[in-house]
Amino acid sequence: MTDTTDGTPQDNENEDIMTDATEAQDAADEIPAERDDIIFKLNAELEATRDRLLRSVAEAENTRKRAEKEVRDAREYSVSKFAEDMLDISDSLSRAVAAVDEDTIANASEPMKNLIEGVAMTERSMLAKMERHGVRKVDPQPGDAFDPHLHQAVAQIPSDQPAGTIAAAMQTGFTIGGRTLRAAMVAVSAGQSGSDSPQGDPSGGHVDMKA
């Protein structure tokens, strides 16, 4: 009788081996694509993590700087209210010293001289203590440039000083840290009286009195 079975057992085994090899090759071909996809995802996650880390570091640094500034401002300006209350006393001492001229002191009795000197020493000591806490006196002189951040113009008068500069000071000012505690009251020069164009200011010497 003739055997009609297709192929021998050996042939079938070879076919199975070839099939397995083909499947293994197909699987191997898929590995690089999967690997590239995994690497791409890992790189994306790494970049996102790096970005979050950098943002966190920047935010922490900004928070630290803000905290330092708040502490610094609190230290500098904590005495602002107290310093404002002390200005009246400083003004009184300054007026007391300024009210006595040199001739009066020369002709005064020894106790009176000691009293005057004591008042002057008290004023100097008070200003030194205030300056130690960041409160500094603003004492503009004739001819100084007008600074609207430090000076308050209350008048504009003819004077020998260049137009737009300070002609006279009515009251000293004070600063604390980088801020103006009280602006100095000044009169601004309008130039020499009777001149066609005020000295030192070709534009006519106009000063913004509201500055």
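Since the model is a prediction, treat every value here as computed from it, not as a measurement.
Through side-chain heavy atoms spaced under 4.5 Å, either directly or across other Ile, Leu, Val, Met, Phe, Trp or Tyr residues, Leu150 is tied to Val138.
Salt-bridge annotation for Arg124 and Glu117: present, with a side-chain N of the basic residue lying under 4.0 Å from a carboxylate O of the acidic one.
For Arg50, the side chain to side chain contact (heavy atoms under 4.5 Å, CB included) criterion is met by Glu47, Leu54, not counting sequence neighbours. With sequence neighbours left out, the side-chain hydrogen bond (donor to acceptor under 3.5 Å, both in side chains) criterion links Ser56 to no other residue. Applying the side chain to side chain contact (heavy atoms under 4.5 Å, CB included) criterion to Ser90, with sequence neighbours excluded, gives Ser94, Met126, Leu127, Phe174.
Between Asp91 and Arg182, some side-chain heavy-atom pair lies under the 4.5 Å cut-off. Side-chain contact between Asp160 and Gln192: present, with at least one pair of heavy atoms (C-beta onward) separated by less than 4.5 Å. For the pair Asn43/Ile39, a side-chain contact is recorded, criterion being any heavy-atom separation below 4.5 Å from C-beta on.
Put simply, CG on Leu93 and OG1 on Thr122 are 6.5 Å apart, with the number rounded to the nearest 0.5 Å. The CE atom of Met130 sits 8.5 Å away from the CD1 atom of Ile176 when rounded to the nearest 0.5 Å. Once rounded to the nearest 0.5 Å, the distance linking CG of Asn107 with NZ of Lys113 reads 8.0 Å.
Contact between Ala145 and Ile166 at its shortest, heavy atoms only, is O-CD1, 4.0 Å. Counting all heavy atoms, side chain and backbone alike, Thr172 lies closest to Lys137 at CG2-CE, 3.5 Å. Heavy atoms only, all atoms of each residue included: Gln156 and Ser189 are closest at NE2-O, 4.1 Å.
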Tell me which donor-acceptor pairs under 3.5 Å the side chains of residues 79-89 have, and how far apart each pair is, sequence neighbours excluded?
{"unit_1": "Ser80", "atom_1": "OG", "unit_2": "Tyr77", "atom_2": "O", "d": "2.9"}

Tabulate below the donor-acceptor pairs under 3.5 Å that side-chain atoms of residues 61-68 make, not counting sequence neighbours, or state none.
{"unit_1": "Glu61", "atom_1": "OE1", "unit_2": "Arg64", "atom_2": "NE", "d": "3.3"}
{"unit_1": "Glu61", "atom_1": "OE2", "unit_2": "Arg64", "atom_2": "NH2", "d": "2.4"}
{"unit_1": "Asn62", "atom_1": "ND2", "unit_2": "Ala58", "atom_2": "O", "d": "3.3"}
{"unit_1": "Thr63", "atom_1": "OG1", "unit_2": "Glu59", "atom_2": "O", "d": "2.8"}
{"unit_1": "Thr63", "atom_1": "OG1", "unit_2": "Arg66", "atom_2": "NH2", "d": "3.3"}
{"unit_1": "Arg64", "atom_1": "NH1", "unit_2": "Glu68", "atom_2": "OE1", "d": "3.2"}
{"unit_1": "Arg64", "atom_1": "NH1", "unit_2": "Glu68", "atom_2": "OE2", "d": "2.5"}

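Checked by atom type and distance alone, the side chain of Ser159 never pairs as donor or acceptor with a backbone atom of Ala167 at under 3.5 Å.
Other residues, nucleotides and ligands contribute only 12 or fewer heavy atoms inside 6.0 Å of the CE atom of Met121.
Using a 4.5 Å cut-off between side-chain heavy atoms of Ile, Leu, Val, Met, Phe, Trp and Tyr, with links allowed through other members, Ile157 and Val188 fall into different hydrophobic clusters.
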